[in-house]
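What you see below is based on every heavy atom in this structure, not just the backbone, and it leaves out hydrogens, waters and symmetry mates.
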Amino acid sequence: MKKVNIDRLDMLSFLNGLVFYAPVALLVRTDAGVTMAQFFVLQAVLSLTVFLFEIPTGMITDRIGYKSTMILAQITMFLARALLLAAFLSGSYPIFVAEAVVEGFAACFLSGTQDAYIYSVYKNEQCAVKMAHVANFGTTGFVLSTVLYVLLYHFGGIGMLIVATMAACGMGIPCVAGIRREPEPGEAKCTEASGDGRAGLLAVFADVRMILMVFLASGFALGFLLINFFYVDKLAACGLRAELMSPIIIAYSVIQMLAEKMLDRIGSARYRTAMLVSIICSGVVMILFAFSRTTAAVLVIMLLLPLLLSFPEFILDNMLNAHIDRCGQAEQRATILSVANMVSNLMEIAFLFASAYIVSIGISACFASAGIMLVVFGIGVYAASPSSLTRQGGI
């Protein structure tokens, strides 16, 4: 594959990764007078907004196109940042609620849209690599903002962190407006359906392969959820200081960027096998992590696990889009991806409720059960995806 130059989409990802207040997101609310109970209500409002409007916004995306939706999402996110600043300065809880709703809408518009845009613009063998390439710029922005937030916080406090984040988000508006428009959806033929050759929306999800892919996507989401929630607890269990978490996050974020090179090197013809191997590895590593007590082993796994999860996730995103094409539903791509994300969110909520009981046994049980889930669904997706699809370019 030819070297991919830095384009506007890469810069957009970088700018959106610059969330300078992320390390003190809780303080943004509590320093303005929001109680812990109110904070959790705000998170519930955000999640509820995403849940209720995931599919409607996906339908809007299919009507106005991916580029237009990405522009709308960027403007909406900029408005959310502005509301956050206003809420922080005024200490107004209703404005915090409004910010949560607007941010939820931005998340809905962004959900799956960027990946769908990349899939429609780039050839199949370049798609997963480009997804990883764009994600790396977002990671670079995240790492940079994590490093710089201490300096900004020292000189300007939380207000400065929000303003800097707002400025980066605002710069993303002309950036996304300058990307090329995606091509019109082709008349993709459905190789799995009968009749007129076009499967209905429900028929896409009736395929066992699609069901397994959605469950597998949920497994990846749960893996990262556990990393975000329980890495610190694992450090404490090993007798390490919580302050070590920041350099660990930066280190594993940099290592995670290797996914692009790995995808480029193996080539799309071997994606199916590579995904299975990496999923089994990530599942086994999560199980080992659950029961590891040696400090060195825990730290090594902490650094490698995000890469082991993100690498097959890029391949799965490509597989989902290829499946939509095979079913002749390219014109409803955003709606279908929204439904898939909604199912994934429900799985995540169910797992969180189950974890409330599992965690009574120990955090190790959460990691072990998530690792087993990944391996089971990974093998299922591999078995349900004939190798002939890879040779045909459909993964």
Side-chain angles (χ1 to χ4, degrees), residues 5-34 39 42-43 45-46 49-50 66-111 113-114 117 133-180 246 249-250 253-254 257:
N5 295 320
I6 299 176
D7 56 23
R8 289 178 180 269
L9 194 58
D10 299 326
M11 289 306 302
L12 174 67
S13 182
F14 172 76
L15 291 169
N16 285 338
L18 294 173
V19 183
F20 295 97
Y21 62 80
V24 289
L26 178 61
L27 292 180
V28 173
R29 279 80 178 179
T30 56
D31 278 14
V34 174
F39 174 77
L42 291 175
Q43 299 309 300
V45 169
L46 175 62
T49 302
V50 173
Y66 305 138
K67 177 182 175 179
S68 297
T69 299
M70 291 167 68
I71 295 173
L72 180 60
Q74 196 67 24
I75 294 173
T76 306
M77 184 58 74
F78 179 77
L79 176 59
R81 306 295 192 217
L83 285 171
L84 182 62
L85 179 62
F88 175 76
L89 294 176
S90 66
S92 171
Y93 187 67
I95 299 180
F96 274 117
V97 173
E99 185 275 332
V101 172
V102 174
E103 185 175 343
F105 271 101
C108 288
F109 283 122
L110 283 172
S111 178
T113 304
Q114 181 172 281
Y117 173 84
H133 184 77
V134 172
N136 282 352
F137 277 85
T139 301
T140 302
F142 166 75
V143 171
L144 182 62
S145 62
T146 302
V147 172
L148 293 179
Y149 104 90
V150 176
L151 185 65
L152 293 175
Y153 185 59
H154 176 74
F155 286 104
I158 291 177
M160 176 67 76
L161 298 176
I162 301 175
V163 169
T165 303
M166 184 177 167
C169 185
M171 291 170 62
I173 296 174
C175 191
V176 69
I179 67 174
R180 58 172 165 156
S246 291
I249 291 174
I250 294 174
S253 297
V254 173
M257 295 169 70

Atom of Thr113, atom of Tyr66 and distance for their closest heavy-atom approach: CG2-O, 3.7 Å
Minimum side-chain heavy-atom gap Thr165-Leu18 below 4.5 Å: no
Spacing of Ile173 atom CD1 and Met70 atom CE [to the nearest 0.5 Å]: 13.0 Å
Gap separating the OH atom of Tyr149 from the OG atom of Ser246, nearest 0.5 angstrom: 6.0 Å
Donor-acceptor under 3.5 Å (Ser13 side chain, Val134 main chain): yes
Check: Phe105 main-chain N/O paired with Thr49 side-chain donor or acceptor under 3.5 Å: no
Distance-minimising heavy-atom pair for Leu12 and Cys175: N-SG, 3.7 Å
Inter-residue atom distance Ile250.CD1 - Leu144.CG, 0.5 Å rounding: 10.0 Å
Nearest-0.5 Å distance that lies between atom CZ in Phe20 and atom CE in Met166: 14.0 Å
Residue pair Tyr117, Thr69: steps toward the side chain to side chain contact (heavy atoms under 4.5 Å, CB included) verdict: CA-CA 10 Å; Tyr117 173 84; Thr69 299; over 6 Å; no
Show me the side-chain donor-acceptor pairs of residues 81-92 shorter than 3.5 Å, one per line, residues at least two apart or across chains.
residue: Arg81; atom: NH1; partner: Tyr21; partner atom: OH; Å: 2.7
residue: Ser90; atom: OG; partner: Ala86; partner atom: O; Å: 2.7
residue: Ser90; atom: OG; partner: Ser92; partner atom: N; Å: 3.3
residue: Ser92; atom: OG; partner: Ile95; partner atom: N; Å: 3.4

Minimum heavy-atom distance between Val143 and Ser253, given as atom pair plus value: CG2-CB, 3.8 Å
Reported CD1-to-CD1 distance for the pair Ile71 and Ile179, which is rounded to 0.5 angstrom: 7.0 Å
Which atom of Arg8 lies closest to which atom of Pro174, heavy atoms considered: NH1-O, 3.6 Å
Spatial distance of atom NE2 (His133) from atom CG (Leu9) [nearest 0.5 Å]: 9.0 Å
Shortest non-hydrogen separation from Tyr153 to Leu27 and the atoms involved: OH-CD1, 4.5 Å
Nearest atoms (heavy-atom pairs only) where Val176 meets Lys67: O-CE, 3.9 Å
Residue pairs involving residues 84-100 (criterion salt bridge (Lys or Arg N to Asp or Glu O under 4.0 Å); sequence neighbours excluded): Arg29-Glu99
